[in-house]
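Notes for the one structure printed next.
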Number of protein chains: 2
Amino acid sequence: MPPPRKRATVHDIAAAAGVSRGTVSRVLNGGYVSAEARAAIEAAITEVGYVPNTAARTLKMRRSQAVGFVALEPHSLFLDDPNIGAIMLGANAALSLADHQMVSLVVESARDTERVGRYLSGGFVDGAIVVSARTHDPIIKVISDLRLPAAFVGHPPDLDQRIPYVGIDNAGSARAVTERLLATGRRRVGMIAAALDRDSGIDRLAGFRAALGDAFDGDLVAEVPHYDYGSGIKGMRLLLDREPAIDGVFAASDAIAAGALETLREAGRSVPGDVGLVGFDDSTWAVRTQPPLSTVHQPAKQIGTVAAQLILRQLRGEQLDPGGQLLPTPIVWRDSA
Amino acid sequence: MPPPRKRATVHDIAAAAGVSRGTVSRVLNGGYVSAEARAAIEAAITEVGYVPNTAARTLKMRRSQAVGFVALEPHSLFLDDPNIGAIMLGANAALSLADHQMVSLVVESARDTERVGRYLSGGFVDGAIVVSARTHDPIIKVISDLRLPAAFVGHPPDLDQRIPYVGIDNAGSARAVTERLLATGRRRVGMIAAALDRDSGIDRLAGFRAALGDAFDGDLVAEVPHYDYGSGIKGMRLLLDREPAIDGVFAASDAIAAGALETLREAGRSVPGDVGLVGFDDSTWAVRTQPPLSTVHQPAKQIGTVAAQLILRQLRGEQLDPGGQLLPTPIVWRDSA
DNA sequence: TTGTATGCGTTATCAA
DNA sequence: TTGATAACGCATACAA
């Protein structure tokens with residue numbers, strides 16, 4: 001077991017190779033240097049076991065080559081929404097190609113918010129991707145004030161106009177899938193609406209409402225807090241209670257649909273026989289339920305890729321035109337409706 | 001829209017308050033400073049909109065107050081193993097309490113490995129939690145050579161002895177749950193074994209073997225690559241093929257068990273009537289299948305907490321005794337066996 | 001082609 | 001109690 005030696009620096013290399021620090025830096029970063037000097041330096045590098053100190057480089061260059069991936073309220077996200085994982089992987093792949101390190105930061109408490117704010121401000125990252133921000137999220141202000149290059153996944157209504165975002169057309173997709181459900185001949189169609197403090201939740205409800213037009217009946221909308229399985233169970237109970245003759249349901253997420261399915265099973269209603277059911281996300285839930293769910297596909301990985309590119313373009317100094325980028329969401333029609 | 005002004009530094013505060021940088025640093029970090037100087041400096045801080053540069057502080061202090069969370073092969077993990085999310089949240093919570101920033105790093109490609117290695121070496125983190133390393137994973141060498149304070153979740157056989165780890169007793173748990181399955185009177189019990197390039201996979205198989213003792217029959221072990229649903233489907237087909245009279249199955253994970261359940265359903269076998277089935281993980285899978293799975297509970301969140309504490313103790317300079325810490329894994333007996 | 005000197009923004013040491 | 005000054009490790013303009 002070798003002694004825990006001090007980390008070697010450029011200085012040490014220079015000493016070992018008998019040259020100046022400037023020359024060492026030149027072989028490290030590319031520049032004019034004689035063949036013999038280069039050879040000596042390269043030998044010295046492995047000899048002293050040099051590993052560059054990125055923190056120092058960051059300080060000097062004002063560039064960390066790192067991009068933050070901020071996951072807000074990941075508790076419910078990780079547990080019930082496989083999308084976040086796919087978004088992360090998409091973003092990482094794109095950043096990796098550009099030789100940037102993605103560092104993902106979890107925000108679960110006020111304490112986290114404050115600390116992550118400091119982290120983002122401290123020069124550790126050149127930009128940030130923010131997932132699932134709510135209205136008035138304090139992180140928005142931090143990024144806004146700092147003018148940190150950023151990209152949002154989804155767009156809270158009070159988002160700074162200058163910050164680009166990427167997402168899907170929640171309202172349009174919700175409307176389309178509801179219309180398709182209606183086209184199967186259902187007469188009493190309800191919705192389990194969730195996360196009404198987020199744009200996604202609000203917009204999916206708006207799309208549902210638009211699809212129904214004059215036939216919209218507020219009593220047939222059950223509001224639940226989260227996009228999760230448990231909420232689906234509760235929401236479906238509410239709906240059955242209010243309208244026993246219900247024959248169609250649009251669930252705001254696949255997890256909710258899965259919960260609803262369970263409640264319907266317990267209540268002795270068959271799907272799609274008695275009740276047609278559609279979900280949203282095309283997550284793993286959709287293919288694991290019996291019957292598999294008709295749903296709206298979210299291109300999660302691509303969302304991550306686009307968010308990363310939005311950051312990289314800003315880092316290159318490009319001036320992006322404001323506004324968002326909406327990705328297509330094909331409807332996947334399976335057996336639940 | 002205020003002009004994009006240069007970031008204010010300690011120097012600017014000092015100028016605005018008419019004091020020296022040293023005094024400013026003292027109010028920032030705590031030290032003797034007169035009431036009036038303090039007031040002037042505090043006013044100046046908000047006036048110039050100071051936000052500390054953590055990169056510079058890191059360089060000076062040789063401490064970043066950040067800990068890396070390295071997720072190896074997160075693709076399969078995120079998609080099929082809810083445990084990783086819970087481990088992350090547990091670790092984050094513990095680090096957050098100690099005012100450390102958890103930065104999680106995704107390793108999916110050789111390129112990622114190399115870049116993450118540099119990142120870990122560069123002084124951006126004071127330590128690292130590594131999840132799901134395989135034998136001979138290059139990241140082990142990086143950490144080992146660097147003497148970076150680390151904690152592993154699980155332990156690859158070639159893990160550096162000085163690196164502490166946290167995990168569960170895979171072999172013991174597998175043995176216990178298999179014995180319990182045998183106690184229900186099953187005669188032909190097989191296993192779907194997965195991830196035999198990892199300690200968890202190897203140990204679960206060893207536990208199964210131990211439970212069967214002399215009755216162990218290698219033909220009744222189907223080997224599949226991953227802990228996922230698809231592997232469960234394939235593995236169960238293999239087993240049914242080799243031994244149509246099979247009446248008990250230990251699946252190496254809940255996701256595998258869910259896949260096996262589907263195959264059994266298609267084959268017209270009832271669970272637990274014809275075949276008793278047990279899983280591993282006590283993940284969300286276990287309560288979503290019909291019937292819900294009997295399985296082994298993994299205290300995922302606590303695993304994350306302990307890993308974080310292992311790091312924090314090293315950062316405090318504590319000398320931990322080598323070896324690992326194994327957390328208890330209660331058996332959760334539901335309806336599938 | 002190489003060496004020297006300077007600064008990135010902090011904290012810490014030492015006189016005053 | 002405060003102010004000057006020196007690092008931390010690296011990159012670079014400039015001089016040689």
Side-chain angles (χ1 to χ4, degrees), chain A residues 5-42 44-45 48-66 118-126 146, chain B residues 5-42 44-45 48-66 101 118-126 146 148:
Chain A
R5 61 181 185 280
K6 194 173 163 307
R7 295 264 279 271
T9 73
V10 168
H11 191 94
D12 301 322
I13 302 176
V19 296
S20 82
R21 301 189 312 221
T23 313
V24 173
S25 186
R26 247 161 267 139
V27 8
L28 253 26
N29 300 289
Y32 293 127
V33 47
S34 69
E36 51 187 338
R38 177 178 299 275
I41 289 171
E42 274 165 357
I45 285 179
V48 302
Y50 172 73
V51 23
N53 182 319
T54 328
R57 190 203 303 265
T58 293
L59 178 59
K60 181 67 183 172
M61 309 306 293
R62 283 110 167 261
R63 275 289 170 106
S64 61
Q65 297 280 96
R118 286 202 311 264
Y119 191 87
L120 294 179
S121 321
F124 277 149
V125 297
D126 297 335
L146 222 55
Chain B
R5 60 180 186 279
K6 195 171 163 304
R7 294 265 278 273
T9 73
V10 167
H11 191 94
D12 301 321
I13 302 177
V19 297
S20 82
R21 299 187 312 214
T23 314
V24 174
S25 185
R26 249 161 265 138
V27 8
L28 253 26
N29 301 291
Y32 292 129
V33 46
S34 68
E36 51 187 339
R38 178 179 297 275
I41 290 171
E42 275 165 356
I45 286 179
V48 303
Y50 172 71
V51 21
N53 183 320
T54 329
R57 188 204 306 264
T58 293
L59 177 58
K60 180 64 183 175
M61 307 300 282
R62 284 111 163 263
R63 274 286 168 107
S64 62
Q65 298 279 96
Q101 178 61 50
R118 286 203 312 265
Y119 190 86
L120 294 178
S121 320
F124 278 148
V125 297
D126 298 334
L146 223 54
L148 187 70

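Labels below follow one simple rule: chain letters A, B, ... track the order of the sequence lines, proteins then strands, and each chain is numbered from 1.
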* **Spacing of B:Phe124 atom CZ relative to D:dG9 atom P, expressed in whole Å** => 15 Å
* Could you check how far CZ of A:Arg63 sits from P of D:dT12, rounded to whole Å? => 13 Å
Filtered N/O pairs between nucleotides 5-7 of chain D and protein, under 3.5 Å:
from: D:dA7; atom 1: N3; to: B:Lys60; atom 2: NZ; distance (Å): 2.7

* Structure fact -> By ring-ring contact (aromatic ring centres under 6.0 Å, His included), B:Phe124 pairs with (sequence neighbours left out) A:Phe124, B:Tyr119
Please table the atom pairs, donor to acceptor, closer than 3.5 Å between any side-chain atom in residues 22-34 of chain A and protein atoms at least two apart or in another chain.
from: A:Thr23; atom 1: OG1; to: A:Ser20; atom 2: OG; distance (Å): 3.3
from: A:Ser25; atom 1: OG; to: A:Asn29; atom 2: ND2; distance (Å): 3.1
from: A:Asn29; atom 1: ND2; to: A:Ser25; atom 2: O; distance (Å): 2.9
from: A:Ser34; atom 1: OG; to: A:Ala37; atom 2: N; distance (Å): 3.2

* To do: Mind listing the closest non-hydrogen atom pair of B:Ala44 and B:Ala17 along with its distance?
  => CB-CB, 3.9 Å
* To do: Mind checking A:Ser25 for me? I need base, sugar-phosphate or nothing, with any heavy atom below 4.0 Å counting as a touch.
  => base
* Check B:Gln65 against B:Asp126 and note the closest heavy-atom contact, atom names and distance. => N-OD2, 2.8 Å
* When rounded to the nearest 0.5 angstrom, what is the spacing between CG in B:Leu148 and OG in B:Ser121? -> 8.0 Å
Between protein and nucleotides 14-16 of chain D, what N or O pairs are separated by less than 3.5 Å?
none

* Structure fact -> Its 5'-most and 3'-most nucleotides having an atom under 4.0 Å from a non-hydrogen atom of chain A, DNA chain C is contacted over C:dT1 to C:dG9
* Asked: Bend angle of the helix from C:dT1-D:dA16 to C:dA16-D:dT1 from five-pair axes at both ends, rounded to 10°?
  -> 50°
* Asked: Please give, in whole Å, the distance from D:dC10 C1' to A:Arg7 CZ?
  -> 14 Å
* 5'-most contact on DNA chain D: A:Asn29 or B:Ser34, nearest heavy atom basis? -> B:Ser34
* **Spacing of A:Leu28 atom CG relative to D:dT12 atom P, expressed in whole Å** => 11 Å
* B:Ala37 near the nucleic acid: base, sugar-phosphate alone, or nothing, with a heavy-atom cut-off under 4.0 Å? -> sugar-phosphate
* Asked: Do B:Thr9 and B:Ile13 have side chains that get closer than 4.5 Å, going by heavy atoms?
  -> no
* Closer than 4.0 Å, any side-chain N/O of B:Tyr32 to the OP1 or OP2 of D:dG3? -> no
Considering only distance and modelled atom types, tabulate donor-acceptor pairs under 3.5 Å from the side chains of residues 54-63 of chain B, sequence neighbours left out.
from: B:Thr58; atom 1: OG1; to: B:Thr54; atom 2: O; distance (Å): 2.9
from: B:Arg63; atom 1: NH2; to: B:Leu315; atom 2: O; distance (Å): 3.0

* Name all residues meeting the salt bridge (Lys or Arg N to Asp or Glu O under 4.0 Å) criterion together with B:Arg21; count only those two or more places apart in sequence or in a different chain, and write none if there are none. => none
* Non-hydrogen atoms of B:Arg7 and A:Leu146 that approach each other most closely -> NH1-CG, 4.2 Å
* **Stretch residues 8-20 of chain B: residues that reach within less than 4.0 Å of DNA chain C through a heavy atom** => B:Thr9, B:Val10
